[in-house]
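Presented below is the structure to which this report refers.
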Amino acid sequence: MILWYLLYHYFMARYDHKKVEAKRQKRWVKEGVYEPNLPRRASLQAGAKKPFYNLMMFPYPSAEGLHVGNMYAFTGSDIYGRFKRMQGYDVFEPIGLDGFGIHSENYALKIGVHPATQAKVSEKRFYKQLVSIGNGFAWNERLETYDPEYYRWTQWIFTRMFKAGLAYRKRQEVNWCPSCKTVLADEQVEGGVCERCKTQVIKKELEQWFFGITKYAERLLRNLPSLDWSDNVKIAQRNWIGRSEGALIAFDLNMIPGQPDGKHKVQIFTTRPDTMFGATFMVVSPELAQQWLAVGWQADAKIKKYVADVLAKRRAADKETSTKKTGIFSGIYAVNPANKDEIPVWISDYVLGDVGTGAIMAVPAHDQRDFDFARAFNISIKMVVQPPSVKEGLFSLSEAYEGEGVLVNSEKFNGMRSEEAKKAITEQVGGKTDVRYRLRDWLISRQRYWGPPIPMIYCEACAARKTGERADMPGWYAVPEGDLPVKLPLMKDFRPSGTGVSPLASAQSFSQVKCPACGAKARRETDVSDTFLDSAWYYLRYIDVANTQKPFDKARTEKWLPVDMYIGGSEHAVLHLLYVRFVAMVLKDWGLIDCEEPFKKFRAHGLLIKEGAKMSKSRGNVVNPDEYIKRFGADALRMYLMFLAPFEQGGDFRDQGMAGITRFLERVWRCGTAQKFVKMSSDDVRRAREQAVKKVTEDIEALRYNTAVSALMICLNAIEEHGADKETCKTFLKLMAPFAPHMADELWERLGGKKSIHREPWPVHDEALVREETFDLVVQVNGKVRAVVKAQKGIAEAQAAALAHADANAHKFIIGTIKKTIFVKDRLINFIM
RNA sequence: GCCGCUGUGGUGAAAUUGGCAAACACGCGCGACUCAAAAUCGCGUGGCUUUACGGCCUUGUCGGUUCAAGUCCGACCAGCGGCACCA
């Protein structure tokens, strides 16, 4: 009997996370706790008063289910949202799935299920998991990128891009992933390998669709400083856009030395026109040499072979990163417009066809690459910029001097500072100042199946007549807006062909279509668009998911945009986060939205590792959140994830660490269910409470969740030690609510709360109560701590000195005369002997 | 090579403007409860030294500024991330 009694109480007292979490989650949905006031079209005025758009990068539903890394990011975002909601904002925290793309398609291929079928399975599983982590999502506004009602508008954006001249087709060397069997954008190649599958990327010459993001390079760069974003992401974008100021300068070419023909010219781009007098040779890229050959340049067989070899090598799959420069003299001479010197033109692999103009003037004395080449091929080196550290002219250089200085060997420009000479020499040689960017246009087409078909039609008849929707692209028409979406056909064999043609090309019924202009037999574009286009506008659709007339309503965007807080991984610094800004700028220019920067504030969360190692399937150390939620509860896992390290830094997940948080929550539960309150909290407890309010509030705002949790622990320690009144306990629960939303809500109800704690106002601290009347006065002698004594706040130096002298140990060290005393109010006193 | 970030106990980490280094936890040790164990609770826990009070040392390394440096400055070392013949 006694045993049963004890067991009964044991189970009653222990926190049953499964039961409580399920109950709270059900209640939240029923009461619509997290549904924002997104008004129906007619009554915009009646909507949210203090809108706060709290967005988290939506996940792609991977086969393995929700990764703990996803949960880490989502929890961090959710805590911020819950905090803002309790502060009185109408928080909108939507969720959806970025379900189109190679990742999902590859998984479908692997298990032999159609991606559309698999999508439904993953969707269900993902949403279930996303419910279980306890986030305050607005479930009514969810979206999936593979939903025709969504990609209808993705396609619509494409057609508008085409009409605006921002989407175009071009044949050029592009990145090709042999494993994914599709082309990739530059942003999707990381260190020469495919961002997704890590396969070495090769170059292929293909005709592809591009978005003209480079037209926005200047704006994308210019806006960066004003964005409240994590610095590392802003820096990455700045480097990626890579602005360089320089000059475009034309050189005459002499096919035969000493015989100007006035016909042949070549343009070069340089950021150092000040060094022009030092240009002792010119280098053209193999790509440009190839073009010359194509228009009839009669070159040696050796030269032709060199060009062909280098071009072949650039296409090859081996990633040999030799820094050894090769090259061949072309037999042609260029005339340096600065001093009319005839300089040899070389062809070398160290000059790239798609950078600058594909040709350079080489100044070996002031560019290390030119220097190396000149040394290797015995070309003269001429110094024209004298470093400030050097008094007389230098006779030999062991390396190029790339800094600024004063010009020498430059005729009438001698003595001029290199910075001024840039402009002066450019003018002298008839050059034109120019700005170039590293950024290149966004390669948007993909030769895969699982994506939105590019909504374009090509009519050969129109092409032959040189007519079309756009003068520069005869034969091409956007699918009329009324015909959207161009639905992705259900195909049995959706395997990538690897030939540069999308699997959709084999679906005759799909590709055969009538020309929208002349009605002749035409064909559809069969490539699909890059997944990153899907995610480049999803934040707009969230606020208007049910709109069947437009992608989104402008009045709503005015109310909810820009996104107030965006959280995600920094791996998207030059992918998603760049594309999304570009698309926003375009939409702004079309008058569809008012702000050209979509995210007011962006914070990158850190990376989670496990026991000191990167999580990976092969290591078998991937943390499955489902298991932990089952064992410890979502609240415990959430809180542990936030406690283990600073959110923006990322941290090390250790199983042992879960114990501390579980213990903490059990203690809170015991405290909250026992409900043994004192009539009035002691000063100590009251102060602990107010300090916790202050600290937790400040820390959440700054995303310092780890120290916010520790502040809660300190507060609980005080409550347990001294006992607390009911109000103190309620305040404590509110502070804990963003971190452990289920338990906080349950205990809140048991303490008599009528509505959900997540709709309660966030506490505000009383500065007077935070302050302590006493402080620890640090007594130093010659800078060394000799005593710590309790003192009244605000005491003057004389009183502090008296206290210090009264301390036996400190007194022991104060021998001789005091030369100087340093007194820092409410902190320390330091005697210098 | 260039740009950025990070180096603090056995572990994760904390530290406003330069003002007690190691908060809060984990782990460990000792103790209480228990026949016993788990759970729970209490105490201790950077190193060296001292019977004790205390003292000396300690934030990757070396140097500097300062009454005072984890924090500021200079040089270097290590690790992580990004870009990489960008003309």
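Chain naming here is simple, since letters A, B, ... match the order of the sequence lines and numbering starts at 1 in each.
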Item to complete: Answer whether the closest heavy-atom distance between the side chains of A:R375 and A:I381 falls below 4.5 Å.
Response: yes
Discussion item. Among B:G19, B:A23, B:C41, which nucleotide has an atom closest to any side-chain atom of A:R827?
Written reply: B:G19
Item to complete: Quick one: sort the A:F373 and A:W346 rings into parallel, tilted or perpendicular, breaks at 30° and 60°.
Response: perpendicular
Worksheet entry | A:W240 vs A:E187, side chain to side chain donor-acceptor pair (under 3.5 Å): CA-CA, chis, key distance, verdict | CA-CA 9 Å; A:W240 187 259; A:E187 288 82 5; 3.0 Å; yes
Fill in: Under 4.0 Å protein heavy-atom contact, by nucleotide of nucleotides 26-34 of chain B - B base, S sugar-phosphate only
SS-------
Discussion item. With a 4.5 Å cut-off on side-chain heavy atoms, are A:D652 and A:L644 touching?
Written reply: no
Worksheet item: Between A:D370, A:V355, A:T270, A:V284, which is the residue that forms a side-chain contact (heavy atoms from CB on, under 4.5 Å) with A:I360?
Response: A:D370
Worksheet entry | Validation row: A:W292, A:I347 side chains within 4.5 angstrom (heavy atoms) | no
Please write out the pairs of protein N or O atoms and N or O atoms of nucleotides 1-6 of chain B separated by less than 3.5 Å, giving the distance to one decimal.
none

Item to complete: Answer with yes or no whether the side chains of A:Q691 and A:E772 bring together a donor and an acceptor at under 3.5 Å.
Response: yes
Worksheet item: Looking at the side chain of A:V351, which of B:C83, B:A87, B:U11 is the nearest nucleotide?
Response: B:A87
Discussion item. Using the side-chain heavy atoms of A:T271, tell me which of these nucleotides is nearest: B:C41, B:A87, B:C85.
Written reply: B:A87
Practice prompt. Not counting sequence neighbours, which residues clear side-chain contact (heavy atoms from CB on, under 4.5 Å) with A:A217? List them please.
Written response: A:I241, A:Y437, A:L439
Item to complete: Looking at every strand, decide which applies to A:Y437 at a 4.0 Å heavy-atom threshold: base, sugar-phosphate, or nothing.
Response: nothing
Is there any protein nitrogen or oxygen under 3.5 Å from a nitrogen or oxygen in nucleotides 54-59 of chain B, and what are the pairs?
{"from": "B:G55", "atom 1": "OP1", "to": "A:R786", "atom 2": "NH1", "distance (Å)": "3.2"}
{"from": "B:G55", "atom 1": "OP1", "to": "A:N809", "atom 2": "ND2", "distance (Å)": "3.2"}
{"from": "B:C56", "atom 1": "OP1", "to": "A:R786", "atom 2": "NH2", "distance (Å)": "3.1"}
{"from": "B:C56", "atom 1": "OP2", "to": "A:R786", "atom 2": "NH1", "distance (Å)": "3.1"}
{"from": "B:C57", "atom 1": "OP2", "to": "A:K784", "atom 2": "NZ", "distance (Å)": "3.0"}

Discussion item. Using the ring-ring contact (aromatic ring centres under 6.0 Å, His included) definition, which of the options A:F653, A:F643, A:F647, A:Y640 pairs with A:Y72?
Written reply: A:F647
Worksheet item: Which part of the nucleic acid does A:L352 contact within heavy-atom distance under 4.0 Å: base, sugar-phosphate only, or nothing?
Response: base
Pairwise N/O distances under 3.5 Å, protein to nucleotides 62-67 of chain B:
{"from": "B:C67", "atom 1": "O2", "to": "A:N830", "atom 2": "ND2", "distance (Å)": "2.5"}

Worksheet item: Taking the side chain of A:N717 as heavy atoms from C-beta outward, which of B:A25, B:A14, B:U40 is closest to it?
Response: B:A25
Worksheet item: With a 4.0 Å cut-off on heavy atoms, is A:N706 in touch with a base, just the backbone sugar-phosphate, or nothing at all?
Response: sugar-phosphate
Worksheet item: Do the charged groups of A:R272 and A:D367 touch, with an N to O distance under 4.0 Å?
Response: no
Worksheet item: In terms of ring plane angle, is the pair A:H805 and A:F831 parallel, tilted or perpendicular, where the classes change at 30° and 60°?
Response: tilted
Practice prompt. Scan A:I700, A:L641, A:V696, A:T75 and name whichever one has a side-chain contact (heavy atoms from CB on, under 4.5 Å) with A:Y705.
Written response: A:I700
Worksheet item: Is the glycosidic torsion of B:G27 within 90° of 0, making it syn, or is it anti?
Response: anti
Item to complete: Identify whether NZ of Lys or CZ of Arg in A:R369 sits under 6.0 Å from the centre of the six-membered ring of A:Y350 and within 45° of that ring's axis.
Response: no
Worksheet item: Rounded to whole angstrom units, what separation is found between the CG atom of A:L665 and the P atom of B:U40?
Response: 13 Å
Discussion item. Between A:I714 and A:Y640, which residue's closest nucleotide on RNA chain B lies nearer the 5′ terminus?
Written reply: A:Y640
Fill in: Presence of A:R438 side-chain N/O under 4.0 Å of B:A84 phosphate oxygens OP1/OP2
yes
Worksheet item: Closest nucleotide of RNA chain B for A:M361 versus for A:V788: which of these residues is on the 5' side?
Response: A:V788
Discussion item. So if I take every side-chain heavy atom of A:L644 and compare against B:C20, B:C41, B:G12, which nucleotide ends up nearest?
Written reply: B:G12
Discussion item. Of the listed nucleotides (B:A13, B:C86, B:C83), which one gets closest to any side-chain atom of A:W240?
Written reply: B:C83
Item to complete: Would you write the dot-bracket representation of RNA chain B, where each base gets (, ), [, ], | or . depending on whether it forms a Watson-Crick or G-U pair under 3.5 Å and with which partner?
Response: (((((((..(((......[....)))((((((.......))))))((((....))))..(((((..]....))))))))))))....
Worksheet item: Please give, in whole Å, the distance from B:A84 P to A:E402 CD?
Response: 18 Å
Worksheet item: NA contact type, A:R667, heavy-atom cut-off 4.0 Å: base, sugar-phosphate, or nothing?
Response: sugar-phosphate
